[in-house]
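The chain is numbered in sequence order, starting from 1. These figures come from a predicted structure and were not determined experimentally.
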Amino acid sequence: YVYDYFLAVSPSVMTPDLIRDFSLTAGALGALMAVFSLASTFFQLPAGILLDQFGARKLLTLSVLISGIGALCFAGATAQWELAAARLFMGIGSPFAFLGALYLVSRWFSHKHFALASGAIQLGAAVGSIIGGAPLALLVNHMGWRHSLFWIGIATLILSVLFWLVLRD
């Protein structure tokens, strides 16, 4: 969930670069960023159904993999439609983060600790938003937005492998 919020807010620190590199208007940039939220919203119910059907290990691994591919595609985009497709991939992976975390909490913790564990998940969202702000801005200023997202995408692919190795339903 930390990573999900990080991805959601990450373009905010890249706005000037994206506007310059893709000749985006404010409206086009807003529409581009909305693709993430629209995909995430659309896939909320299917994500819940799929988690109930197939469990967290497979779906969280797959959703993180999809998000990582989206980050890599965003880093390599040369056209506005490629940016939108990349944000779509990131948004498709998004709903599995919160729902998957709740799914795991409901199975790994006593019901007495559900509220505490859910609060920790929400704390993760706040941390992801923070990391997607100033720390990412420093990285983007140092490496550029493309290289930053490329390495974030690589780290995400590694994270998907770790999910597969560590998570158990």
Side-chain angles (χ1 to χ4, degrees), residues 1-15 17-18 21-22 32-44 46-48 50-51 54-105 108 120-169:
Y1 205 40
V2 172
Y3 178 72
D4 179 51
Y5 265 76
F6 170 81
L7 275 184
V9 302
S10 63
S12 64
V13 301
M14 303 169 200
T15 297
D17 298 321
L18 294 172
D21 293 353
F22 294 94
L32 175 66
M33 296 308 107
V35 171
F36 180 96
S37 297
L38 290 170
S40 179
T41 300
F42 180 78
F43 280 93
Q44 289 292 326
L50 291 169
L51 279 163
F54 298 106
R57 181 178 187 222
K58 292 175 186 172
L59 290 172
L60 286 177
T61 300
L62 181 61
S63 70
V64 172
L65 179 66
I66 290 169
S67 294
I69 290 168
L72 289 172
C73 290
F74 198 91
T78 58
Q80 289 182 23
W81 72 268
E82 293 172 328
L83 289 175
R87 288 294 284 173
L88 178 71
F89 271 85
M90 291 184 232
I92 289 170
S94 174
F96 292 92
F98 181 65
L99 295 174
L102 287 179
Y103 180 90
L104 292 173
V105 163
W108 290 1
I121 293 167
Q122 283 301 114
L123 174 64
V127 169
S129 295
I130 291 167
I131 295 169
L136 179 59
L138 290 172
L139 185 64
V140 168
N141 287 338
H142 179 71
M143 298 178 72
W145 72 272
R146 288 187 187 274
H147 285 99
S148 298
L149 268 179
F150 173 79
W151 288 110
I152 289 164
I154 295 297
T156 307
L157 297 180
I158 294 168
L159 182 63
S160 71
V161 172
L162 289 174
F163 270 37
W164 181 258
L165 295 174
V166 173
L167 285 180
R168 296 293 178 254
D169 292 323

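Nearest approach of Y103 to G55, heavy atoms of both residues: OH-CA, 3.5 Å. Contact record, P11 with M33: CB-SD, 3.0 Å, taken as the closest heavy-atom pair. Of all non-hydrogen atoms in A77 and L83, the two that sit nearest each other are CB-CD2, 3.6 Å.
A donor-acceptor contact shorter than 3.5 Å links the side chain of Q80 to the backbone of F22. Without hydrogens or angle criteria, R57 side chain to F163 main chain gives no donor-acceptor distance under 3.5 Å.
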Scan the side chains in residues 87-98 for donor-acceptor partners under 3.5 Å anywhere in the protein, sequence neighbours excluded, and list what turns up.
from, atom 1, to, atom 2, distance (Å)
R87, NH1, L7, O, 3.0
R87, NH2, A8, O, 3.4
S94, OG, D4, OD1, 2.6
S94, OG, D4, OD2, 3.3
S94, OG, S40, OG, 3.2

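The structure places CG of L18 at 10.0 Å from OG of S12, a figure rounded to the nearest 0.5 Å. We find the CG-CD1 distance between L65 and I69 to be 4.0 Å, quoted to the nearest 0.5 Å. Atom CZ of R146 is separated from atom CZ of F74 by 9.0 Å, given to the nearest 0.5 angstrom. Rounded to the nearest 0.5 Å, atoms OG (S148) and CG (L138) are 10.0 Å apart. The distance from the CG atom of L59 to the CG atom of L167 is 11.0 Å, given to the nearest 0.5 Å.
Atom OH of Y1 has more than 12 heavy atoms from other residues, nucleotides or ligands within 6.0 Å.
Taking F6 as the reference, nothing meets the ring pair (Phe, Tyr, Trp, His ring centres under 6.0 Å) condition, with sequence neighbours excluded.
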Stepwise side-chain contact (heavy atoms from CB on, under 4.5 Å) test for W145 and D21: CA-CA 11 Å; W145 72 272; D21 293 353; 2.8 Å; yes
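Counted by atom type alone, Y3 and T156 present one or more donor-acceptor pairs between their side chains at under 3.5 Å.
Side chains of F43 and L50 form no contact here, defined as non-hydrogen atoms less than 4.5 Å apart. Within the 4.5 Å cutoff, the side chain of L51 has no heavy atoms near those of the L102 side chain. Here the side chains of L72 and L157 are in contact, with some heavy-atom distance below 4.5 Å. Contact of the L62 side chain with the K58 side chain is not registered, since no non-hydrogen atoms from C-beta on lie closer than 4.5 Å.
The only member of N141, I152, I130, L149 that meets side-chain contact (heavy atoms from CB on, under 4.5 Å) when paired with L136 is I152.
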